[in-house]
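Structure first, commentary second.
Index from 1, following the sequence. Excluded from the calculations below are hydrogen atoms, water molecules and symmetry mates; all remaining heavy atoms, backbone and side chain alike, are included.
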Amino acid sequence: LTLNEFLYRAEATLIAMRRRQEKGFILRVTIDLKGKHFALKTLYQHFAQAALLSIRNNYDLVGKLSDTDMVLLLQTTNPQGTEIVVQRFTEKVCQTLQLPSDIYRIEVNELPETWEEARLLITGTLLPSRKLRKKAGA
């Protein structure tokens with residue numbers, strides 16, 4: 001998903017999870033090529049495919065944050081379920097590519113209680129403030 005699509009679906013997912021009192025996790029995968037960006041597009045495609053094969057279809061989400069970062073939202077799971085996804089992802093990446101282990105990192109965080117905190121965790125930025133427009137003559 002694009003970042004906007006991911007954020008839209010993640011917000012709805014978080015609201016539904018909170019209503020059902022469920023927990024979830026955010027995984028952020030960052031590719032660090034140490035200055036060798038010639039194969040980044042192909043490498044990112046492999047990582048995205050590995051992520052999609054590691055999650056539950058039509059349940060969890062994968063989104064593109066940048067050319068080097070992707071985010072996974074795992075809903076209704078626990079730390080053990082999250083570890084299973086991380087292991088699957090690592091195995092899928094290793095099946096298709098022979099990479100040094102320091103070429104990427106995975107950051108795991110429990111999904112925060114509020115959407116504002118979750119969005120900050122996902123994007124690293126706060127929601128833009130909305131300015132109210134004054135009506136003409138007001």
Side-chain angles (χ1 to χ4, degrees):
L1 300 171
T2 66
L3 178 58
N4 286 336
E5 292 168 331
F6 182 87
L7 291 173
Y8 177 77
R9 291 189 50 196
E11 182 177 18
T13 299
L14 176 69
I15 291 168
M17 287 174 53
R18 293 300 168 240
R19 222 181 344 227
R20 297 184 306 258
Q21 298 180 344
E22 298 169 344
K23 294 200 180 266
F25 287 82
I26 294 286
L27 279 65
R28 185 182 191 122
V29 179
T30 301
I31 301 169
D32 182 6
L33 294 176
K34 317 248 185 278
K36 300 174 185 173
H37 296 283
F38 61 89
L40 181 58
K41 188 174 182 179
T42 302
L43 189 60
Y44 192 93
Q45 290 172 344
H46 283 287
F47 274 59
Q49 187 64 30
L52 290 170
L53 292 171
S54 300
I55 64 168
R56 298 167 289 183
N57 290 336
N58 301 318
Y59 201 65
D60 298 323
L61 304 173
V62 177
K64 180 176 183 175
L65 294 176
S66 71
D67 288 341
T68 58
D69 294 282
M70 70 180 62
V71 63
L72 291 73
L73 186 147
L74 309 179
Q75 62 174 307
T76 315
T77 192
N78 55 33
Q80 294 80 16
T82 302
E83 184 58 34
I84 289 169
V85 172
V86 170
Q87 288 174 352
R88 277 188 206 147
F89 176 81
T90 303
E91 289 170 6
K92 299 289 183 198
V93 168
C94 290
Q95 285 174 358
T96 58
L97 302 168
Q98 297 297 321
L99 296 173
S101 60
D102 67 342
I103 203 123
Y104 69 96
R105 68 181 178 280
I106 302 172
E107 180 183 323
V108 178
N109 290 288
E110 189 170 334
L111 197 58
E113 291 294 319
T114 67
W115 172 240
E116 290 78 19
E117 293 171 316
R119 188 178 194 285
L120 179 61
L121 178 64
I122 293 165
T123 65
T125 60
L126 295 172
L127 286 169
S129 59
R130 296 182 185 183
K131 293 181 181 179
L132 298 176
R133 295 183 188 171
K134 291 185 179 181
K135 292 183 180 180

Pairs under 3.5 angstrom only: tabulate donor-acceptor contacts from the side chains of residues 84-93 to other protein residues two or more places apart or in another chain.
unit_1 : atom_1 : unit_2 : atom_2 : d
Arg88  : NH1    : Ser54  : O      : 3.0
Thr90  : OG1    : Val86  : O      : 2.9

Hey, is the main chain of [Y] close enough, under 3.5 Å, to the side chain of [X] for a donor-acceptor pair?
X     : Y     : value
Asp69 : Leu65 : no
Gln21 : Arg18 : no
Arg56 : Gln75 : yes

Rounded to the nearest 0.5 Å, what separation is found between the [atom1] atom of [X] and the [atom2] atom of [Y]?
X      : Y      : atom1 : atom2 : answer
Leu74  : Leu111 : CG    : CG    : 9.5 Å
Asn78  : Glu22  : CG    : CD    : 12.0 Å
Leu7   : Leu1   : CG    : CG    : 10.0 Å
Leu121 : Asn109 : CG    : CG    : 4.5 Å

Shortest non-hydrogen contact from [X] to [Y]?
X     : Y      : value
Leu14 : Ala118 : CD2-CB, 4.1 Å
Phe6  : Val62  : CD1-C, 3.8 Å
Leu72 : Ala51  : CD2-CB, 4.2 Å
Gly24 : Met17  : N-CE, 3.3 Å
Tyr44 : Asp67  : CD1-O, 3.2 Å
Leu52 : Asn57  : O-OD1, 4.0 Å

Around atom NZ of Lys64, are there more than 12 heavy atoms of other residues, nucleotides or ligands at under 6.0 Å?
-> yes
For Arg105, look at atom CZ and say whether over 12 heavy atoms of other residues, nucleotides or ligands are found less than 6.0 Å away.
-> no
Taking atom types as modelled, find out whether Thr76 and Tyr59 have a side-chain donor-acceptor pair closer than 3.5 angstrom.
->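 Side-chain D/A pair, Thr76 to Tyr59: present.
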Under the side-chain contact (heavy atoms from CB on, under 4.5 Å) rule, what do Leu61 and Thr13 come out as? Steps first, then yes or no, please.
-> CA-CA 10 Å; Leu61 304 173; Thr13 299; 4.2 Å; yes
Do Tyr104 and Thr30 pass the side-chain contact (heavy atoms from CB on, under 4.5 Å) test, and can you show the C-alpha distance, the side-chain angles, and the key distance before you say yes or no?
-> CA-CA 5 Å; Tyr104 69 96; Thr30 301; over 6 Å; no
